[in-house]
Every structure is written in C-alpha cells, then in structure tokens.
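Taking it in order: structure first as structure tokens, then the write-up.
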2 protein chains.
Amino acid sequence: MDVDTRLLRYFAAVAEEGHLTRAAERLYVSQPALTKQIRQLEKQLGVQLFVRTPGGMRLTEAGRALADRVPAVLDGLAEALRRTRQAARRAEQVVRAGFLAGAAGEATQAIIAAFGRRRPGWRVEMRHASWSAPTADLVAGDVDVALLPLPLPGQEELRVEVLLTEPRWVVMAEAHPLAVREELAFRELWDEPFVAAPAEAGAWRDYWLATEGREGREPRIGAVADNPDDWLSAVANGYGIALAPASAARYYARPGVAYRPLTGVAPNSVAVVWKPAADADPVVRDFVGCCLEYRQQPSS
Amino acid sequence: MDVDTRLLRYFAAVAEEGHLTRAAERLYVSQPALTKQIRQLEKQLGVQLFVRTPGGMRLTEAGRALADRVPAVLDGLAEALRRTRQAARRAEQVVRAGFLAGAAGEATQAIIAAFGRRRPGWRVEMRHASWSAPTADLVAGDVDVALLPLPLPGQEELRVEVLLTEPRWVVMAEAHPLAVREELAFRELWDEPFVAAPAEAGAWRDYWLATEGREGREPRIGAVADNPDDWLSAVANGYGIALAPASAARYYARPGVAYRPLTGVAPNSVAVVWKPAADADPVVRDFVGCCLEYRQQPSS
DNA sequence: CACGTCCATGCCGCCAGGTTATGAGGACAG
DNA sequence: CTGTCCTCATAACCTGGCGGCATGGACGTG
C-alpha cells in the first residue's frame, strides 16, 4: 500500500482546481490519465475522495481530510530533499551562489577569486536567479548566498549587506530620438513605453519602472520580458526603453542599444544576501566576508 | 522530479540496515532491484547517498541528512492516509472496533446490539486485533475502539475501562493425565510445557504464562502460536497446555481439548479501550457508553 | 434541440520496476 | 596463496502500469 508522491501531487491539484480537466492542463498530463490516476488513488485507499458532478469534482469529507494534510507532506518531502542536496554541497566543498544578471558586475570575479584564496579546495557554483522572483532559490535553500540588486521581496526575512551602489541609467535603441542626448532626466521618459518585468515580479517590476519617481503617473508598457536577453532584444527592437544599473552599459553592451546617464532617479544598490538560518555556517560567513572585503576596496 | 514513496521506503530500509542484501529481504524484493532503485534515487537527486564497501553500505553526510528526515515524512503520509480513512468511516457511519479472540465473550453481541439501538443507521465493523500487538491497530488509528483483555502494552497512554473480570482457567489436551481432575492449582502446572505467544508479544506472553505466579521458575515452552487456531491445535496435539479466560471454554470449545478451573492465578479482566484523542468523538463515546451499560447489567 | 463542458472508457505504445543468473571484488581462514 | 563467503554490480528478459489519442455519455444552457 504505497502511495506515489505523483498521485499526491495529482490529487492536490484536482482538489485545488475542483476540475479534472483544468488540473490536467496545469499538470501537463491528459485528462484521461488524471481520471485514471485519481480513480486508482481512491481504489488504493478504499475511500471515495470526490463526488463527480457534471460541473466538476467536489471533495468528500474524506477527500477534504486528505487535501488538508497532503500539502504539508509534500512540503516536508521537498524540504528533506533540499537539505540532502545542501549537505552534499558541503561535503563536496561547493558553495552555490545566486546572481541576477550582471548585478554585481566586476565585483563577481573579484569576490569569487577572494573566496578561492580563503577556502582553497572549495568551488563556487554560479546559478542564475529568476528575474521575477530573485530570492526564490535562496529562500528555498537551492543556493546558499546570492548577489542581488535591491530592493528584494521579503527582504526583511533575510540578511542583507549592501556591496555597492551605482546610478541607474537608461537603455534605449540607438535609433531612438533621445539617444542623441548625452544625459537625460527621468521626467523626460515618463511617457516613453518601457520594457518591463512580468506582473508577477511585483515590487521588482515597479522598482525598475521607477514608479516611485513618476509622481503617480502610470508607466506605459511597451513589452514584457523575463530574462536579460529578451529584455535587451525588446529594447533594441524599439518596443520600449528601460532602466538599468550603470554597469550594464559594460556588461550588457550590444549593437543597436545605447546606455545613457540619467538624473532624477535614486541609484541602485547591490547586496549580498543570505538566510538568517545560515548565520552560523562558516562557509557562508567566509563568502560574505569576501564580499564585504571587496566593498572596502572596490578598486582592487 | 518526483520521488516515489517506495523509493523513500527502500532508502530508509537500506539506511537502517546498512546492507543492501539484508534490506532487500526485509522489503521482500530482490537485491538487484534494490541496487537499481537506490542508484536511481541517487541519480535523481544528483547526490551520492552511500559509500559502497565490501562490508555494506555506509551513509554519506548527505545520506544521513536524508535518512534523518525521511521517517518523519513517511509517518506524516501514513498519518494523512489514516485520517482520510477515518473520515470516510465517519461519513459512511461505520465504527471500526477491534476484538481479540473472544475476549469479550457474550458481551460482544450485547454491546453491538445496544450500539445499534443508540445509533440507528450506524454499523460496527469488527476487526481482529493481532495477538502479539493487541493495541497496534488502535494506536495506529485503524480501529476506533477495542475490546481487549488486560494487561495491555502501552496501557498508560490509552483510556481503559474494565468491562468484566473472569477467572483464568487451564486448557489441555483431553488425553492429558491432569485432565481427569475437576479443578487444578496453578503450582501443579509449573513444570508442564506451555503453548505460548511469540517472544515479540512481551508482557502479553508473560501474562498468559503467568510468570508472576511462578515464584521465579522459568516456564517450559512446548510450542509457540500467534493466533487462536494454531494455539488450540497445539494444545489439542499435546504440545503443551495453556491458560485461557474461563469464557474460552464456551467460545473455543473443540473436540480433544478440555478446560478446567484453576486456583492460584489472578483473574483476567476485559476492558474497552480507546485513544485519548478520541475522547471528544461522540460516536466513540456512545460505543463506550454501550459497553459500560453492559457492565452494569451483565445479566441482560 | 443543438451545443458546450464536464468526466469516463477503450485501445495501444512504451518505460520502469521486478526477477533470475552471473560477475567482480575485498575479508578471512587454512 | 587460494578457496570460500560475504558484499554490491551487471545483463537479459518479462510484465504491469502510465500516458496519449479518440470517442462516448451525462448534464446544463442558449
């Protein structure tokens, strides 16, 4: 009497959606496959979990009892697997660090080099953070530490040490009329279409649209992108302009796009971020130490 | 990235045993199957969980991290499934009651009848408790309430209300020399071989061997049985004699065996037992109520 | 009454887990 | 050194079950 976790995921999805059909597409399986699996789960348990109606699947009492507990079980499993992977990284002397685009710019190499000197034999594994949820991997425990631009969602729950602060510039197609100018003021851009992060990005999206500096005016969205390549392509193709850290001019230079200094928006900070739970981890401390060291001598 | 619970059970078994071969037989699968599964788990996680030595499988750091958490996850799952089944029983108006052999004797029918009157529409599902672990189903939540002879292992953690008390008799082969006697004293039986419960039964086994009344003498074991049928057969075949509640003379009468009253051993009590967690359950309360009602009018 | 939206069923291809038989390597005794 | 016993790994084969497609059937709606 072994219930596959796949069955549990399936069940949870159907319970949540209330529809076999919709759950099926969310799970990327066909509806008949789901039908069969749910029936099998019911048969294995000897319990009816749903009442089938022409309008969907409604949980029975027993079904509700199960649905109430399954998420915790699945979470517990995921947590166990994460811990396992983390232990494996320690044993193999690997630190996994998250980076968002070129946020830390030239600091990145310097920090990794310094860490290599402080912990010979250890390796830094770089991982790209998702643009729309930059701290997700960190919170989930998939990375030990991350170099990310501020502000971050859920920042209060994390340890944050600012590494460097640089002005936000504007990036636009070279052919853009404003590209002829050497420097721009943000208010000149209020009515320009912007290439923005997806709506799920929330505060992150707002920050790079600089909604706080628009005195209430709604930004115009010319395109949506959720990774640097798409983002830069959209800019190059003239779908809109965008804000970017000054260092992007070096790290994301590309024919057809132009970066220009900008006044009237607050500068952007990049920070090293880790979980309070990792405070005691000597390896994380060393990595953070290397970051802070860099902060004191940004010229090195 | 779905880890089957079967894999987790396999892993836990290997981690515990420290040997692929032994774990395989405990799990009733072949050793190559286990080998493959464990390797697959390692591959799925991208983590080495064991170091293979010619002497067995030793957990790595990562393996230990996983082994520390897997049992809790599996328990959580089992608990969720139990709750689900229990909810289903409630919805179908079924009470599942455990019985050990004919412990409650004629009380059983009377109680079930009384419960049927108090809760029309409800059904009592009878389930045989295991002889060697009488409270296992109760503790695990597979039965709601049980009628069991005392003493019980883990009795302190349970609600126990004594229903009836009856003397312990002796049962032996009809051909046994002592069977000619009308009544026996326990000390006459000290050197007789006994048919006993398996060693796992612990205190239960000792109780029915009446070790407390032997003044330190070791009982002789003539045969081991873990269910009433084997037990009675062993007695009939002369492998040994045994103690039994007086009512067994009626409920387990069989050609070839003779029951005789016995002096010099404490009488046996039968109780209704339930989990403290079920105190608030109105159905369990009603069932217990019917039991206690019977206690007050054992003649009815 | 026709249509849309559900879920259920039948059939088929394929993968994954299981089994048996066999190999390979270290530990230990003689 | 060698035979034996223990361990885990590998190979070849079989089968059950999952998943996909196409279709059927039930209920509600315009």
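The structure displayed is predicted, hence computed values, not measured ones. Scope of the values below: all heavy atoms of this structure, side chains included, with no hydrogens, waters or symmetry mates. In the text below, chain A, chain B and the rest are named by the order of the sequence lines, each starting its count at 1.
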Salt bridge between Arg26(A) and Glu17(A), side-chain N to carboxylate O under 4.0 Å? yes
With heavy atoms under 4.0 Å as the rule, sort Tyr10(A) into base, sugar-phosphate or nothing. sugar-phosphate
Rounding to a whole Å, what distance do you find between Lys43(A):NZ and dG16(D):C1'? 13 Å
Is Thr21(B) near enough to dC8(D) that one of its side-chain N or O atoms lies under 4.0 angstrom from OP1 or OP2? yes
Between dG18(C), dT9(C), dT10(D), which nucleotide has the shortest distance from any of its atoms to the side chain of Ala33(B)? dG18(C)
dC7(C) C1' sits how many Å from Gln48(A) CD, rounded? 14 Å
Given dA16(C), is OP1 or OP2 found less than 4.0 Å from the side-chain N or O atoms of Gln40(B)? no
Using modelled atom types only, decide if a donor and an acceptor are shared between the side chain of Glu42(B) and the backbone of Phe50(B) within a distance under 3.5 Å. yes
In whole angstrom, what separates Ile38(A)'s CD1 from dC18(D)'s C1'? 14 Å
Report yes if at least one side-chain N or O of Arg39(B) is closer than 4.0 Å to OP1 or OP2 of dT10(D); otherwise report no. yes
Looking only at side-chain N and O atoms, does Arg52(B) come under 4.0 Å of OP1 or OP2 in dT7(D)? no
Does a side-chain N or O of Tyr28(B) approach OP1 or OP2 of dT19(C) to a distance below 4.0 Å, or not? no
Decide yes or no for Gln86(B) and Asp144(B): does some side-chain heavy atom of the first lie under 4.5 Å from some side-chain heavy atom of the second? yes
Check ion pair Arg85(B)-Glu125(B) (N to O, under 4.0 angstrom): no
Using heavy atoms to find the nearest nucleotide of DNA chain D for Leu7(A) and Thr35(B) separately, return the residue whose nucleotide is more 5′. Thr35(B)
Residue-phosphate contact under 4.0 Å: Arg22(A) side-chain N/O, dC6(C) OP1/OP2: yes
Tell me: CG of Leu34(A) to P of dC6(C), nearest whole Å? 14 Å
Would you say the side-chain atoms of Thr21(A) and Glu25(A) include a donor-acceptor pair closer than 3.5 Å? no
Measure NZ/Lys36(A) against P/dG20(D) and give the value in whole Å, please. 10 Å
Find the distance Met57(A):CE to dT5(C):P and express it as a whole number of Å. 19 Å
So does Ser30(B) get a side-chain nitrogen or oxygen closer than 4.0 Å to the phosphate oxygens (OP1/OP2) of dG18(C)? no
Tell me: CG of Asp2(A) to P of dG17(C), nearest whole Å? 13 Å
What's the CD-C1' distance between Gln44(B) and dC15(C), to the nearest Å? 14 Å
If you pin Gln31(A) and Arg6(B) to their nearest nucleotides in DNA chain C, which one's is more 5'? Gln31(A)
